[in-house]
Student: 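Quick one: the structure is below, questions incoming.
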Amino acid sequence: MAITPAPKPSSEGVRVAIDRGGTFCDVWAFIPNHLFHAPIPAELLGNADIIPGDEQDGGVQITFKLLSVDPANYDDAPSEGIRRLLQIVKKGAIPRGQLYDTSLIESVRMGTTVATNALLEKKGEPFGLVLTQGFKDMIEIGDQTRPDLFDLSISRKVKMLYKPEDVVQAEERVTLEGWSLDQNAPSAEELIDRAKTVGDDNVVMGVSGEAVRILKPLDIKKMEQDLQQLYDRGLRALAICLLHSYTYPQHERQIGEIARRIGFTQISLSSDLSPAIKVLPRGNSAVIDAYLSPVLRSYVDGFNSHFAGKKAGKRSEFMKSDGGLVSSDKFSGLRAVLSGPAGGFVGSALTAYSPSRARSVVGFDMGGTSTDVSRFSGEFELTFESVVAGVPIACPQLSIETVAAGGGSRLTYKNGMFVVGPESVGAHPGPACYRKGGELAITDANLILGRLIPSQFPRIFGPNADEPLDVEASRTKFESLTQQINASRPGNTPYTVEEVAAGFIKVANEGMSRPMRQITEQRGYAMSSHDLCCFGGAGGQHACAIAAGLGIETVVVPRFSSILSAYGIACASLSAEAALPLSAEVVDNFKTSKTYMEASKRIESLKIEVSKQLQEQGARENEVEFTVTIAAQYDGADTVLQIPFSPSLKNDFIETHLRETSFSSNRKVLMSNIRVRGVGKTFNVTPTDYASGLVEAESSVAPKPVKPSTFNTAYFDTPTGVKEFETPIYVLSQVPVNSQISGPAIIVDSTQTIVVEPSARAIVLKEHVILQLEDISTKSGKQEDEGELSTDPIMLAVFANRFMSIAEQMGHTLQRTSISVSIKERLDFSCSIHGTDGALVANAPHIPVHLGSMQYAVQAQHNHWLGKLRPGDVLLTNHPQWGGTHLPDLTTVTPVFEPGSDTKVLFYVASRGHHSDIGGTGVTSMNPIAKELWEEGVIIDTFKLVSSGKFNEEGIKELFAKVAEKPGCSATRRIDHNLTDLQAAISANVRGINLVNNLFKEFGHKTVLFYMKEIQIIARETIEDFLRKTYDKFDGKPLRASDYMDDGTEIKLEVRINRDDGTATFDWDGTGPQVLGNCNMPIALTYAAIIYCLRSMISPEIPMPLNQGVLDPITNIVPEGSYINPTGVVAISGSTIATQRLVDIILQAFKAAACSQGCASSTGFGSGGKDTSGKVTPGFSYGESLGGGSGAGPSWNGANCVHVHCTNTKLTDTEIFEQRCPMLLVESAIRSGSGGKGKFKGGDGMSKLFEARMPLNFSIVSQRRVFHPRGMEGGENGQRGKNTVYRLNQNLDIKQDGYTEIGVGSNGIAKLQSGDRVKIETPGGGGWGEEGL
């Protein structure tokens, strides 16, 4: 380590870096030689370590930990840490409670979870919120998705941080002039000139270079009155977010000035915090900033109140979420939400990344309750849109993934599977070994396996915090759990306690590996090309095993791994940033373009602004380093990449996009935002590049033998099972530099334990321990074809985790490589893995309506092509008689063959994505007026999309083109979108194949195929148990329910349960016949509804894989030719919406929940296509589905404005919608009171009011416009939905101002003229129980 002051003070002081985490507060300090006087008395040193420096360092380093919360001893951990440090510096006791003299402290740097905790615990500052008129519910509605697909209560939906009465609607409105889907779009300058020529001065140039129309100037007087009322109620914080303020911030700034004059002390403008398009994340950013900034200011003031002069040091800086530091007086709530984890990222990046080795590093920070993972390849990668505590925000942050697994993750055995977390035992009572009566956790498993050495832990446990770890408490609980597990497996070889503990470790490691694959493999980076940096209190015990599972050969453990967040904060630099929107095309000759010149001008002004911010915080102007990035994307796409500004910007974007998403396009490349980040150094702690030391140590012919301090019995998972080893223990401070230690071994110091597995070796360097794994390349399925396999609950959990991870990665690939909004943004897709016979093995829960139905499409292809398929074939289907849901959902199926065989299929992978345009007679692929199937677009029973590796582009184009031959039908308007999305689905399947093949290499074909079957058995047995309990609950009586579709067709269900077999018959006899309409449902959707309902009615605490086993105990009797089993002649485009009725009926029969909105209100707008004369004109189509109220239940209120049951797609952001389409969204609101009343109230529906800005077509496919969503157990019904067209009277030659109201019904198409409006009011959910009881 080298510490370089810049500039060096004449009398250097102490430098302190502190990370206040949820459990521990970590302290790192540098004391220059002239202030350090050894020896330090033990009573003053406490648990601190002193690391001597060499002559170049010029001082010593001090590290120690203390509890973040210990009210019996101190009120604030960081100030207590500084008190203890001052005792070491001054060699004298400093009593608590007095003001501490910090004149010897040069700098204090801190990372803190104060903001994160305040957000999670909802302990922020009350604030007012100003939103554009008509959008008062925008933040609460959010993106309308529910966080957990199978949670009927939607309990994890984010709670609002403000009170509804504290929302002010600003009487103002602006929108963009022009629309990007216009294939002949004029420039912004042309639009402004056109307006001026007709005397229209309301079209102006926005900051982004887009033309902005001012529809309504801000009513300043009304705003003054409204804000004064908020102030008079005691509010002092204010968040402001207006539509399109990223490009037209004037109205926000006017409101900000009014608020300052009135006296508000915290004013958060969305246009200042995040000047980028997308109003929802920008609005959430303003909300969080207003909510948390006062809390942070209060914390900083309270921290400084412990010191004389009210300052902790001459400089006081805090870590921001983007990995940079900021002066404490400029620290804000929005920038602080990832303050703590950011320090760990910086620490791992700077200590584990070797510039000379140039190998990317995966950071692995395993704490007590969660694990953070990150990736660093020489530059810090920032993300500008992220989700924090369930809230999407727009703010620069380091890209960090978190998984709920840490040393305190609870260990349980449920449903025949080993389960780790997600619950944590917490710091109190903590794991069983903490002597406070806690439950078993990962820490206990490591202790039982001998991987933790109790004597190395301080005596801080027990009720009086003065006892050591309790090994016997851990063993007693593990013995009890082992007995329980063995009792559930009669006839199998019983587990030992150590095998059970090792099993939980294996399952935990698999769970922690998933986010590491997400940040590497899912982005096109090979995992094997990375090193693993392990840190955090528990990381060293798992690093070798995780690296081996990921194919990583080298693990880097920095010296300060257990306090690396604090050390990373010490290594960080001051940073500041500024941004401006700029919407323009990036052309081929970019350097000579007008856009390049304009961007360069803006960059220079941003650099001046950033440099000023840094100089105000003590950085020197000539030492500021700038990074300039451009937010770039393909025209019409939503994948935005941050690309360094350069003359080669277009090519750089195309190359980066190709690597990240696996495809490129001939579309225009657009830029939307310029961001300048500046870094200024006040002093720099530079970790040593360990590469040369590693080479020197590795080249040593005869490494020095190292004598262990002692030995301990430890257990390790080997290829032949869990084995006992007499394991040497080494104290790190006593191991000479360049020593090599072969595994198994355990290396300890005062704050960490490093486990060296038997197949690894450790090389001890000056500031690092390097773990090198051996024989990674030889790891394969050694048990292939060796005897009979028996079910292992440990491996069941591992494979269930891995299969689901593969399906999720397939989905991520599909999303990345697709181009349509339906798949990429609204996430209307699903991916799955299927066994040899096509039976479902794993289906990532993307869209519930696809659950259970995917396998019928795969099995139809399997049966048709049996013995005829060859490697490299890919099949395409969407036909309802072949397992399809509705025609827009195109399914690609890829068979995978046994190595060396051209005929034997081992398994299938499949991807299904919704195409918003497949031709037909409708505006979008959701055709409200179709009567027969041919009217709805392309129909494919089976088609070889790829044959022996060759993509049949001409063949698929021909299939889509044939649609136009039918009467009144148009072909798809965007065949390029269809082709790209099909290629994306093929890429997703290839991804799945490669990942399953990796499983074959790791475990062997026989083992993988065996567990494909076994996890289906787990699902089957879970359902059988649930059905027996249901039988008892209802005394064996049949369960009956019925309901009506809006066309009057009755759907009837009777469920008969056989308790002895644990089976059930779902009998739909009595259901009405198929109709000439679009809501007939293919039989596959009845299976989808059943599998969804069964999973939703089973406790989420019970682990249950989603696969064919769920349906094995079910007999499904569906009358042929009925509404829910049509013959393949009638239309079905609305079937996925209609399936909501099946779910409502099943839940009614089981008395599980009241009816939800029973709809998804598929709304479409478009233009172009074939007119009545047969002429085809270019145009556009836009569609999305709308949420409504969810049904109440026995213990919960329904949720407002959410997608329910069968779907879970996102709303398009209002600003994106208005940028792309010639439409205005006038209102987006909650339909207050539309939920049914009851003991528990049904959720409210949504109201959306659209206005056409040019002639276009509108379509709606919906339900529950005739029949109410029913309440249950005395609860009232929810209100029906309503679809209305408002014709502008002047368009009807009616002289009276205003609109003429026309009802549309459940399904319909209407032609709109400019100024006409459409209002969609979605249904509320039913109530539960009688009100007042």
Side-chain angles (χ1 to χ4, degrees), residues 1 17-28 49 51 61 63-65 111 113 319 323 338-354 360-376 380 398 400-403 405-408 442-443 446 451-452 509 512-513 515-516 519 530-547 550 552 554-572 685 687-688 690 732 747-756 762 764-765 767-771:
M1 179 208 71
I18 300 173
D19 174 49
R20 185 194 180 280
T23 305
F24 289 105
C25 180
D26 299 336
V27 180
W28 174 95
D49 283 338
I51 299 99
Q61 297 174 79
T63 66
F64 59 92
K65 286 177 173 282
T113 58
M319 173 63 82
L338 286 181
S339 174
F345 189 150
V346 173
S348 68
L350 299 185
T351 58
Y353 179 80
S354 164
S360 300
V361 173
V362 172
F364 167 49
D365 177 7
M366 184 178 177
T369 58
S370 63
T371 294
D372 295 324
V373 300
S374 55
R375 180 182 180 275
F376 182 76
F380 288 107
L398 292 173
I400 299 172
E401 296 285 339
T402 301
V403 62
I442 291 177
T443 298
N446 279 311
R451 301 179 183 200
L452 291 177
N509 289 344
M512 290 184 286
S513 297
M516 297 184 200
I519 63 172
H530 293 71
D531 291 341
L532 182 67
C533 175
C534 164
F535 59 107
Q541 298 136 50
H542 297 257
C544 279
I546 285 178
L550 294 171
I552 292 175
T554 303
V555 179
V556 182
V557 185
R559 168 184 284 169
F560 300 119
S561 67
S562 67
I563 61 155
L564 200 60
S565 289
Y567 187 59
I569 292 166
C571 296
V685 178
T688 304
Y690 64 86
L732 184 57
I747 304 172
V748 299
D749 67 12
S750 60
T751 58
Q752 65 181 327
T753 300
I754 302 169
V755 173
V756 186
V764 179
L765 305 179
E767 294 185 7
H768 302 79
V769 176
I770 308 297
L771 304 179

Student: Answer whether the closest heavy-atom distance between the side chains of V555 and F364 falls below 4.5 Å.
Tutor: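 When only atoms from C-beta onward are counted, F364 and V555 do not touch, as no gap falls below 4.5 Å.
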Student: Where do D372 and P341 come nearest, in terms of heavy atoms and distance?
Tutor: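 Closest approach of D372 to P341: OD2-CB, 3.7 Å.
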Student: Stepwise, does the side chain to side chain contact (heavy atoms under 4.5 Å, CB included) test hold for L452 with Q541?
Tutor: CA-CA 8 Å; L452 291 177; Q541 298 136 50; 3.4 Å; yes
Student: I'd like to check V756 versus L771 (side-chain heavy atoms, cut-off strictly below 4.5 Å). Are they in contact?
Tutor: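 Heavy-atom side-chain distance check passes, below 4.5 Å.
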Student: State, yes or no, whether a side-chain contact exists between H542 and N446 at a heavy-atom distance under 4.5 Å.
Tutor: yes
Student: Does T443 use its side chain to pair, donor to acceptor, with the backbone of G407 at less than 3.5 Å?
Tutor: yes
Student: Which value, rounded to the nearest 0.5 Å, describes the distance between D19 atom CG and D26 atom CG?
Tutor: 5.5 Å
Student: How long is the straight-line distance from OG1 of T554 back to CG of D531, given to the nearest 0.5 Å?
Tutor: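 Spacing of CG (D531) from OG1 (T554) equals 5.0 Å.
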Student: What distance do Q752 atom CD and I747 atom CD1 have between them, rounded to the nearest 0.5 Å?
Tutor: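 The distance works out to 9.0 Å.
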Student: Can you tell me how far CZ of R559 sits from CG of D749, rounded to the nearest 0.5 angstrom?
Tutor: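 Output value for this atom pair is 9.5 Å.
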Student: Taking C-beta and beyond as the side chain, do L338 and L398 meet within less than 4.5 Å on heavy atoms?
Tutor: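 SC-SC contact between L338 and L398 ruled out.
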Student: Atom CH2 of W28 and atom NZ of K65: how far apart are they, to the nearest 0.5 Å?
Tutor: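 One finds 16.0 Å between CH2 of W28 and NZ of K65.
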Student: Please report the shortest heavy-atom distance between L532 and A543, naming the atom on each side.
Tutor: CD2-O, 3.8 Å
Student: Heavy atoms, side chains only, cut-off 4.5 Å: are M516 and I552 in contact?
Tutor: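 M516 does not reach I552 side chain to side chain.
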Student: Is there a donor-acceptor contact under 3.5 Å from the side chain of Y353 to the main chain of S360?
Tutor: no
Student: Please walk me through it: do M319 and S565 pass side chain to side chain contact (heavy atoms under 4.5 Å, CB included)?
Tutor: CA-CA 10 Å; M319 173 63 82; S565 289; over 6 Å; no
Student: What verdict does the side chain to side chain contact (heavy atoms under 4.5 Å, CB included) test give for F560 and T351, after you've listed the backbone C-alpha separation in whole Å, the side-chain angles of each residue and the deciding distance to 0.1 Å?
Tutor: CA-CA 9 Å; F560 300 119; T351 58; over 6 Å; no
Student: Search all heavy atoms of G344 against all heavy atoms of F535 and return the closest pair with its distance.
Tutor: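 For G344 and F535, the tightest heavy-atom pair comes out as O-CZ, 3.4 Å.
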Student: Of all heavy-atom pairs between A572 and G323, which one has the smallest distance, and what is that distance?
Tutor: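 Looks like CB-O, 3.8 Å.
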Student: Taking side chain as C-beta onward, heavy atoms only, is V556 less than 4.5 Å from I770?
Tutor: yes
Student: Give the minimum heavy-atom separation between I18 and I569, together with the two atoms involved.
Tutor: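 Heavy atoms only, the tightest pair is O-CD1, 3.5 Å.
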Student: How far does OG1 of T63 sit from OH of Y567, to the nearest 0.5 angstrom?
Tutor: 11.5 Å
Student: Should D365 and L564 count as side-chain neighbours, where that means a heavy-atom distance under 4.5 Å?
Tutor: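 Side-chain contact under 4.5 Å: no.
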Student: Considering residues at least two apart in sequence or located in another chain, which fulfil the ring-ring contact (aromatic ring centres under 6.0 Å, His included) criterion with F380?
Tutor: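 With neighbours one apart ignored, the set is F345, F376.
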Student: Of all the heavy-atom pairs spanning I519 and R375, show the shortest one and how long it is.
Tutor: O-CD, 3.5 Å
